[in-house]
Amino acid sequence: MAREQDYITIMYGLQELDFQGTAVPSDLILIGEHAFPLAMSPRGQVLMAASHYGKGRVVVLGHEEYLTRFPDLIKNAVKWLMPRTGDASIVGIQKSLCSVVENLNHGPIKTELGDFRSGLAVYITDAYSVDNWAKDLIAFIKAGGGLIIAGQAWNWAATHPKENTIKNFPGNKVCSVAGIYFTKNSGNVGIYPVPRQIPYDWRAVSTGKDFKDDLHFLLEGVSEFDIRGRDVPSEVMVHGPLAFPIAVTPDGKAFIAGAYYGKGQVILLSHEWFMNRDSLSTFLINAIKWLDQDRKGVIGIEPRLKPARTVLSKSGLDCQVTGFREDLSIYICTSYSDAQSAKIQEFVAEGGGLMIGGHAWLWAQTHHGGNVMTDYPGNHILNKMGLCLLGNMLSRELYKAPEIEQIGKEGYHFRKMLHRFAEHVHLGHELTDHEQSCLKQLGKDCARYLHMRCHDSPAYTSIVALLSDIVKLGVPQVSSNSPVKSAKDRLMLSIATELYKVSPDPDALLPYIIKDRSTLPTVSNARVRISAKTEGRDEWISTGLYLSPGMKTYITVPPEIIGKNWQVQLGCQTDNIGKAEVLKRAPVVHQRFPLNAEKVQVYNLWGGLIYIIAPPQSKVDGVEIFVQDAVQAPYFKSGETSVADWVNRIRQAPAPWAELEFENIIMTLKSDFIRNLDQPDEVAKLWDTIMRSIADLAAKPGKFPRKERFVADVQISVGFMHAGYPIMMQNTSAPELLNVQRAYKRGLWGQIHELGHNQQRGVWEFPPHTAECTCNLWSLYVHEEVLGLNGYKVQPYIALEKRQARTKSYCDGGKQLKTWNKWTALETYMQLQEKFGWDAFKKVFALYHDMSGVPKENEGKMNLYAETFSKVVNLNLCPFFKAWGWPIQPDTQEKISHLPEWSDHPMVQCT
């Protein structure tokens with residue numbers, strides 16, 4: 001809002017600007033958080049701009065003729081530029097601009113024609129004559145002065161073809177500190193209306209330079225980037241118009257990047273110890289020289305990076321281990337601290353070089369729920385420079401250096417790709433095959449960029465506006481009947497989802513994203529009693545309430561849980577299905593909000609059931625939460641809901657999602673599946689028995705510390721079902737959860753298999769061999785002990801003839817452990833069960849509950865398991881396990897040598 005007010009002040013009273021004539025302006029490039037356009041051509045070219053730097057302000061015009069052509073604008077600008085404090089009130093005007101004096105002398109403004117001097121309030125100059133006092137002008141602005149600078153750089157660039165316009169054009173040596181640059185590109189002229197708000201055009205998102213000259217310099221003698229070894233890099237996001245990738249993976253992910261920022265330059269390496277690598281020394285020396293800009297000054301190296309001095313000293317420059325100093329030419333530091341972020345940014349803006357290294361993946365892993373874009377210390381420095389370290393890891397490989405001439409055709413840059421996609425959707429321009437392949441990366445980068453939530457930054461708000469325009473062109477209406485397949489539609493769906501979360505006016509976007517929204521009846525001031533006693537994991541607490549897509553509500557939070565890591569979650573479908581080739585719903589459809597205030601507003605684009613998320617180690621009993629407005633959901637809870645109330649009233653509640661909560665498990669499914677459910681108590685009885693039997697085999701108390709959850713969805717992230725919290729399954733399996741008669745006839749193998757996965761423990765698991773094996777012990781147990789079904793009648797893979805054939809094949813193949821997995825591995829455990837019964841497994845699992853010092857590698861764990869099982873059954877099982885190819889060691893055999901051997905085991909024929 002402050003930036004909008006600045007714009008209104010400068011453009012006050014102006015209805016249109018006539019740029020016609022022979023004065024051809026330069027297109028201006030804006031970076032950072034403070035620069036904003038004042039006038040823009042229909043092609044997205046910035047012809048005038050303004051910004052802040054330090055305590056002062058700057059107005060930049062794309063041609064010096066505009067100083068006299070638009071006198072009212074200049075008067076407004078002078079008023080805006082006047083210092084907020086102090087006695088200075090004189091406007092200094094460069095000698096050659098005497099006509100500007102005449103325009104300003106008609107009012108109360110005091111003017112003075114001449115060179116720049118101290119003591120002025122505002123100075124007006126062209127962009128060609130500032131070389132001699134550039135340093136003084138920067139100090140003047142920083143201290144609170146105002147500057148109007150006008151000119152064009154396209155003619156200068158034509159007469160200086162080998163020079164870098166961004167760096168060497170005289171005007172850029174001043175106004176660049178405020179994030180405004182004259183470019184060698186000419187602007188389109190015409191008569192342009194003055195918009196009521198800061199002008200915006202989607203075409204303005206493109207990059208401001210091709211960077212080929214920089215890459216030629218930086219990659220001289222560099223054919224590869226060898227980052228093999230122990231140092232794991234993060235991915236770098238390059239998002240600024242004057243930032244560029246340098247080293248990238250084959251799929252376009254950057255791990256080294258550079259940028260212009262003000263008068264200075266930046267090199268970012270996504271691990272600090274890349275600075276100490278001889279294999280990267282050629283690049284590092286090039287980078288040092290690029291950052292130094294021929295000053296041949298002192299390189300200051302942060303003390304913790306002292307080992308890097310050996311490699312960096314090869315530059316021939318004076319390398320000193322020191323803290324940050326303003327007299328340095330280049331500062332070398334890590335990204336792990338933001339203690340001096342403002343000073344470092346100022347140092348670079350005024351011409352210094354910065355080489356910064358570090359990764360963000362460890363921070364992301366140790367700050368669960370944190371926003372790496374905004375909260376990671378190094379990004380407090382880097383974001384303004386158009387760079388950002390991300391929380392994901394990249395592989396440590398040998399990567400080829402990019403072919404510079406191919407970068408324009410095959411490279412990836414966030415802004416360039418976003419510009420091309422905008423051209424595609426707005427103008428119908430076809431995308432190349434390479435550009436099509438970049439859309440997935442673009443979707444990720446759009447989401448990351450939006451997560452910065454820098455609504456006071458014109459750069460950020462312009463991207464938000466561009467994406468809003470794209471969304472308003474129409475988002476595919478995804479469903480099981482209308483799946484999304486194309487890269488374009490997937491990107492549109494992703495942009496819409498992420499944009500809605502950060503848009504200043506999400507309601508305006510909603511009709512374009514979800515076109516068919518039904519209006520459901522709501523309840524007001526719903527009271528929900530919350531009790532929780534969590535252990536080492538968080539827990540979802542059902543409320544029986546639902547929010548429709550885009551519906552907003554307020555939650556009143558009791559003081560007992562405010563600011564204690566409690567959250568509200570909207571939506572039960574927590575699977576991210578973004579990797580699927582075909583989408584039957586949006587990739588991410590749930591959202592969480594922290595409960596950190598007495599009243600919290602929550603909403604979700606896709607709507608969803610309302611849950612309260614209790615963090616680990618929480619204990620509350622009967623605290624009350626109030627939900628201002630919500631939709632009632634069908635919700636049955638054992639011990640609280642009567643069957644009569646369910647049948648007569650509750651099951652017809654309007655929400656499209658329903659929940660059944662029993663003693664140890666909660667089922668979440670579409671309401672259509674329960675509308676005719678007459679006996680939820682019988683379903684509860686079945687699942688109470690199943691869950692107690694699962695606990696029984698695991699040798700645990702019958703009451704689960706955290707109830708398991710099933711969620712049935714139209715599409716899940718992997719498989720037909722998968723384990724976790726919640727266990728996810730396809731909608732087609734939902735009726736099986738409720739059909740008691742079917743369960744006793746045909747079983748529930750898949751559902752129990754996933755519940756078995758949740759019982760697996762690393763101390764007696766041998767990955768990857770047993771990942772899809774030992775979970776089936778629970779399937780076998782439940783079907784035999786609860787449902788009264790022989791396992792082979794439910795699961796054909798364990799029919800006797802198939803078991804025998806697998807065992808023979810395994811033995812004939814030399815009993816290689818690499819083939820001992822899934823059904824083959826299950827045979828080992830089934831043979832043990834058939835000999836020793838289920839009680840032996842229960843005793844073994846019980847012993848593991850309190851066992852310490854368990855080996856981490858498979859060989860040690862397998863020997864311990866053989867020893868433990870042998871002691872439980874009072875038989876030496878080593879011959880049996882050896883017959884299965886287990887790596888049984890002599891010391892294990894020695895430990896149980898006092899026990900009689902199991903000599904007639906089923907694998908005798910394989911020994």
Side-chain angles (χ1 to χ4, degrees), residues 696-699 756 760-761 763-766 769-770 773-781 784-785 790-792 797-851 853-855 857-911:
D696 183 40
L697 179 58
Q760 288 174 318
R761 297 294 177 266
V763 287
W764 44 260
E765 277 290 290
F766 317 126
H769 311 293
T770 54
C773 159
T774 51
C775 54
N776 285 322
L777 293 173
W778 276 267
S779 290
L780 287 167
Y781 183 71
E784 290 179 11
E785 300 298 314
N790 289 324
Y792 70 87
Y797 281 101
I798 58 172
L800 182 59
E801 62 275 13
K802 291 189 176 181
R803 291 176 58 187
Q804 292 173 341
R806 275 194 302 270
T807 303
K808 184 177 185 304
S809 175
Y810 180 69
C811 291
D812 291 346
K815 299 182 291 187
Q816 300 292 316
L817 274 183
K818 64 183 179 181
T819 64
W820 184 76
N821 50 50
K822 205 169 184 180
W823 302 113
T824 302
L826 182 62
E827 182 63 26
T828 304
Y829 295 92
M830 290 182 71
Q831 290 178 358
L832 289 170
Q833 191 276 327
E834 288 166 349
K835 171 66 176 178
F836 303 109
W838 289 114
D839 281 349
F841 281 92
K842 295 175 188 178
K843 291 175 182 177
V844 168
F845 290 141
L847 288 171
Y848 271 100
H849 290 328
D850 301 316
M851 198 178 290
V854 176
E857 76 288 351
N858 277 350
E859 182 175 312
K861 289 197 291 183
M862 294 174 93
N863 276 270
L864 178 60
Y865 190 87
E867 177 189 345
T868 303
F869 215 114
S870 295
K871 290 178 178 178
V872 164
V873 298
N874 288 312
L875 274 179
N876 183 344
L877 304 184
C878 285
F880 169 74
F881 287 114
K882 289 180 70 175
W884 271 105
W886 284 31
I888 302 301
Q889 299 300 311
D891 62 334
T892 301
Q893 299 182 71
E894 178 65 26
K895 289 177 184 177
I896 53 177
S897 60
H898 62 286
L899 297 176
E901 287 190 359
W902 185 15
S903 57
D904 59 345
H905 59 79
M907 297 293 287
V908 169
Q909 73 275 15
C910 292
T911 56

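Residue numbers run from 1 in the order of the sequence given. None of the values given here were measured: they were computed from a predicted structure.
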TODO: Determine, step by step, whether Tyr810 and Glu827 satisfy the side chain to side chain contact (heavy atoms under 4.5 Å, CB included) criterion, reporting the C-alpha distance in whole Å, the side-chain angles of both residues, the deciding distance to 0.1 Å, and the verdict.
DONE: CA-CA 11 Å; Tyr810 180 69; Glu827 182 63 26; over 6 Å; no
What are the two closest non-hydrogen atoms of [X] and [Y], and how far apart are they?
| X | Y | result |
| --- | --- | --- |
| Gln760 | Thr770 | NE2-O, 3.4 Å |
| Ser897 | Asn876 | CA-ND2, 4.2 Å |
| Ser870 | Cys878 | OG-N, 4.5 Å |
| His769 | Ala825 | O-CB, 4.2 Å |
| Val844 | Val872 | CG2-CG2, 3.8 Å |
| Ala699 | His849 | O-NE2, 3.1 Å |

For the atom pair [atom1] ([X]) and [atom2] ([Y]), what is the distance rounded to the nearest 0.5 Å?
| X | Y | atom1 | atom2 | answer |
| --- | --- | --- | --- | --- |
| Met851 | Leu864 | CE | CG | 5.0 Å |
| Lys802 | Leu800 | NZ | CG | 12.5 Å |
| Met830 | Tyr792 | CE | OH | 11.0 Å |
| Glu857 | Asn863 | CD | CG | 9.0 Å |
| Thr868 | Leu877 | OG1 | CG | 10.5 Å |
| Leu697 | Phe841 | CG | CZ | 8.0 Å |

Open item on the list: Show, in sequence, the C-alpha distance, side-chain angles and deciding distance for Leu817 and Asn858, and conclude whether the side chain to side chain contact (heavy atoms under 4.5 Å, CB included) test is met.
Closed with: CA-CA 11 Å; Leu817 274 183; Asn858 277 350; over 6 Å; no
Task: Flag, side chain of Lys842 to backbone of Asp696, donor-acceptor distance under 3.5 Å - done: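 Side chain of Lys842 to backbone of Asp696, a donor-acceptor pair under 3.5 Å: no, none is there.
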Open item on the list: Checking the side chain of Arg761 only, and the main-chain atoms of Phe845 only, is there a donor and an acceptor separated by less than 3.5 Å?
Closed with: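 Flag not set: sc Arg761 to bb Phe845 has no pair under 3.5 Å.
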Open item on the list: Whether Arg803 and Glu834 form a salt bridge (side-chain N of Lys/Arg under 4.0 Å from carboxylate O of Asp/Glu) is what I want to check.
Closed with: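 Salt bridge present between Glu834 and Arg803.
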Task: Any pair counted as disulfide (SG to SG under 2.5 Å), so long as it reaches residues 804-839, sequence neighbours left out - done: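 Sorted result for residues 804-839: Cys811-Cys910.
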- [ ] Count the heavy atoms of every other residue, nucleotide or ligand shown that sit under 6.0 Å from NZ of Lys882, and state whether that count exceeds 12.
- [x]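 Open: at most 12 neighbouring heavy atoms sit under 6.0 Å from NZ of Lys882.
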Can you confirm whether [X] sits close enough to [Y] that some side-chain heavy atom of one is under 4.5 Å from a side-chain heavy atom of the other?
| X | Y | value |
| --- | --- | --- |
| Pro900 | Leu875 | yes |
| Leu780 | Leu826 | yes |
| Lys815 | Trp884 | no |
| Leu777 | Trp838 | yes |
| Lys835 | His905 | no |

TODO: Just say parallel, tilted or perpendicular for the rings of Phe836 and Trp902, cut-offs at 30° and 60°.
DONE: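 It falls in the perpendicular class, over 60°.
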Task: Whether Tyr829 and Tyr865 hold their rings parallel, tilted or perpendicular, with breakpoints at 30° and 60° - done: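 Because their plane-to-plane angle is over 60°, the rings of Tyr829 and Tyr865 count as perpendicular.
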Task: Criterion side-chain hydrogen bond (donor to acceptor under 3.5 Å, both in side chains) on Thr828 and Trp886, from CA distance to verdict - done: CA-CA 11 Å; Thr828 304; Trp886 284 31; 5.0 Å; no
TODO: Carefully, step by step, assess Asn776 and Ile798 under the rule side chain to side chain contact (heavy atoms under 4.5 Å, CB included).
DONE: CA-CA 11 Å; Asn776 285 322; Ile798 58 172; over 6 Å; no
